[in-house]
Amino acid sequence: MHYFEYKQGELYAEEVPLKQIAANTGVPTYVYSAATLRRHFKVFDQVFAGVDHLICFATKALSNLSVLRLFAAMGSGFDIVSVGELERCLRAGAQAQKIVFSGVGKTKEEIAAALKAGILMFNVESLPELYAIAEVAQSLGARAPISLRVNPALDPGTHPHISTGHRTSKFGVPLVQILDYYEQARKLDSLEVVGLSTHIGSQITEARPFREAGEKLIDIVLKLRARGFELKYLDLGGGVGIRYDDEFFDLADYARAIVEPLRELKLTLIAEPGRVIVGNAGVLLTRVLYVKDTDVKRFIVVDSAMNDLIRPSLYDAYHAIWPVEQRASAPLVVADVVGPICESGDFLARDRLLPLPQAGDLLAVMGAGAYGFVMASNYNSRPRPAEVIVDGNRWYVVRQRETVEDLMRGERLVDLSPE
Ligand SMILES: *Cc1c(COP(=O)(O)O)cnc(C)c1O
């Protein structure tokens, strides 16, 4: 559910016509709905009602400062995967005590920065990383709070690129090693073992993988308790899927699969939702440049491309594409919606049934809030889009469109001899 709706044939974000935003800021532009962000955060938080818990929004899904600030104001913590995200969260007003640090490749500099900031815990993914954190903590005269991230060896039933809980994935500590790693951690004075964590994948739309992960987490916690470990936190990761096309996953099923079974452990549950909070809260506004007909296909060429939204190219992801102004006379046609980039993989939709637009029409690529702008690049020397937040009848440019000048910042012209 979201607050992008048609009123008299015109698509609005809450109370603001998208056409008005496009006229003011130009396109391509990402537009987020504050009411949708708030609602999704509250609904997800509600799943944990009655259980000690902390929601740590997965910063990497949408890391615009104003979005992070809104979540911080709503009491959210944050899951970060780099020092850049740490800095963003702190600048947005996050409490360091509500930040968890995930990822397989934390550098010593990143570990030191997070320790100095005073984060809640590091989710550790390997033995060498455990030693690195211990060493950095010791050199700073600190104790690092850690949790080990287990790879529960299951099939999350999602796209291979976003599946992290499989036995062969680079993520987490294998089940067969996890208890031994805890024993190693216990021997290191500069570490404080506070939790157990996992994250099995993304865009999961069935209960089974969560139920299986929950069962494995319970088993590990009980074994750790038998060995005298007293954990405070159990971090379930993120991964809850959303509706892009016709998929459907009820949060009540998520609650039954993993939250309810884990509550008996009487630990503070941490969740790291990203997509489920922000995915449907954003659209990418783009304009039709040309309608190109060949003898075999029809292409709608638009002014945004895989550098602005890479999910279709990278994951074969489906994004609904809606006209910003409905045209009663437009026939339904099948077309590819493609960008100007010089790659055949540059498309936003393939063989899509949609009302035939005309050059100059605006389109909204729906469900673009998560892993949208954050994955944008400058490929083909294209400036990245602007970002706008709508709140009721107000709207704010929360990130200016990049300029061509921005693209060359930091570059130095060196005259190399042509010989
Ligand atoms: C990406 C990620 C998340 C968020 O995943 P979603 O599918 O967006 O909910 C949570 N935790 C970790 C460790 C991640 O890497």
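Counting starts at 1 for both ligands and their atoms, in listed order. The first residue of the sequence shown is numbered 1, and numbering continues consecutively from there.
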Whether R311 engages the ring of Y318 as a cation-pi pair (distance to the six-membered ring centre under 6.0 angstrom, angle to the ring normal within 45°) should be assessed. no
For a quick test of your reading: what N or O donor-acceptor pairs under 3.5 Å do the side chains of residues 227-242 make, sequence neighbours left out?
{"unit_1": "R227", "atom_1": "NH1", "unit_2": "E183", "atom_2": "OE2", "d": "3.0"}
{"unit_1": "D235", "atom_1": "OD1", "unit_2": "G237", "atom_2": "N", "d": "2.9"}
{"unit_1": "D235", "atom_1": "OD2", "unit_2": "N123", "atom_2": "ND2", "d": "3.2"}

Donor-acceptor pairs are to be reported for all side-chain atoms of residues 124-134 against protein atoms at under 3.5 Å, with residues two or more places apart or in another chain.
{"unit_1": "E125", "atom_1": "OE1", "unit_2": "G172", "atom_2": "N", "d": "2.9"}
{"unit_1": "E125", "atom_1": "OE2", "unit_2": "G103", "atom_2": "N", "d": "3.4"}
{"unit_1": "E125", "atom_1": "OE2", "unit_2": "R149", "atom_2": "NH1", "d": "2.8"}
{"unit_1": "S126", "atom_1": "OG", "unit_2": "E129", "atom_2": "N", "d": "3.2"}
{"unit_1": "E129", "atom_1": "OE1", "unit_2": "E125", "atom_2": "N", "d": "2.9"}
{"unit_1": "E129", "atom_1": "OE2", "unit_2": "K106", "atom_2": "NZ", "d": "2.6"}
{"unit_1": "Y131", "atom_1": "OH", "unit_2": "Q184", "atom_2": "OE1", "d": "3.3"}

Under a strict 4.0 Å criterion on non-hydrogen atoms, which protein residues are in contact with ligand 1? A58, K60, D79, S102, R149, H199, S202, G238, G239, E272, P273, G274, R275, Y371
Sidechain N-carboxylate O distance under 4.0 Å for R384, D308: no
Sequence-distant partners of K292, salt bridge (charged side-chain N to carboxylate O under 4.0 Å, His left out), two or more places apart: none
For D219, is there an ion pair with K216 - N to carboxylate O distance below 4.0 angstrom? no
